[in-house]
Peer 1: 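The structure under discussion is supplied below as structure tokens; questions concerning it will follow.
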Amino acid sequence: NAGVMQNPRHLVRRRGQEARLRCSPMKGHSHVYWYRQLPEEGLKFMVYLQKENIIDESGMPKERFSAEFPKEGPSILRIQQVVRGDSAAYFCASSLGTSGARGEQFFGPGTRLTVL
Amino acid sequence: GDSVTQMEGPVTLSEEAFLTINCTYTATGYPSLFWYVQYPGEGLQLLLKATKADDKGSNKGFEATYRKETTSFHLEKGSVQVSDSAVYFCALRRPHSNYQLIWGAGTKLIIKP
């Protein structure tokens, strides 16, 4: 059973370009979470999605950032018009549910975004 | 607001040494507490957890005890191995949130043969 997959692992963009980060959850998982880790800081919650629905986007910047989790295919975190401050590691996690053992979050290896 | 503070790394030890990585937290109520580990090139893996005061989580020789009086959840291992080299993250989940995790900055552990 493959774990959470993220791609690309490393992404380099110039200021003003768009970045698309992909996350394929574990098989059978319908809950996806995105976290961002700035250099020298802990992970920060960005958004929680459950198939086709955004449940909680309280941690996501209001502008330039968007996330989706379509019925088919991976979850996508999209950053438009990237700036240097967007350089970070972006982690995706998935879970079966949100309570008890079903709420355990399994993490992908992360995508390291560098904005030049 | 809720927060987690970990000791800064890197922590460098010799094989078979005793390990302590400090973690303290600030939160209202009784959060659940977690330690995650990230081996080079891999995703974060849950190492152990504790959901109430005085609980002890343990796994792979690592232990941590939920201390409400000192708001701490220090990670310990009696004898580390080179294969324990990784980044260790302490995290909490708010009492009334089923999913949102609050994270420490991570502590890089380097074990030398």
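Here is the naming used below: chain letters follow the sequence lines, and residue numbers restart at 1 for every chain. The structure presented is a predicted model; accordingly, all values stated were derived computationally and were not measured.
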Peer 1: Please flag which part of A:R112 lies under 4.5 Å from any non-hydrogen atom of chain B: side chain, backbone, both or neither.
Peer 2: side chain

Peer 1: Take B:K56 and B:E63, measure what salt bridge (charged side-chain N to carboxylate O under 4.0 Å, His left out) needs, and give me the verdict at the end.
Peer 2: CA-CA 7 Å; B:K56 178 186 283 188; B:E63 292 183 340; 3.6 Å; yes

Peer 1: Could you look at B:Y36 and say if it's the side chain, the backbone, both or neither that has a heavy atom under 4.5 Å from chain A?
Peer 2: side chain

Peer 1: Checking ring pair (Phe, Tyr, Trp, His ring centres under 6.0 Å) between B:F62 and each of B:Y88, B:W35, B:F73, which is the one that passes?
Peer 2: B:Y88

Peer 1: Measuring heavy-atom distances to chain B, does A:S58 have an atom under 4.5 Å in its side chain, in its backbone, in both, or in neither?
Peer 2: side chain

Peer 1: Taking side chain as everything from C-beta outward and backbone as N, CA, C, O, which of these in B:Q6 sits under 4.5 Å from a heavy atom of chain A? Side chain, backbone, both or neither.
Peer 2: neither

Peer 1: Do you know which of A:K44, A:H31, A:Q6, A:Q37 has the most heavy-atom pairs under 4.5 Å to chain B?
Peer 2: A:Q37

Peer 1: With the 4.5 Å side-chain cut-off for hydrophobic clustering, are B:W103 and B:L46 part of the same group?
Peer 2: yes

Peer 1: Grouping I, L, V, M, F, W and Y whenever their side-chain heavy atoms are under 4.5 Å apart, do A:F106 and A:L96 come out in a common cluster?
Peer 2: no

Peer 1: So do A:H10 and A:T111 actually touch side chain to side chain, heavy atoms under 4.5 Å?
Peer 2: no

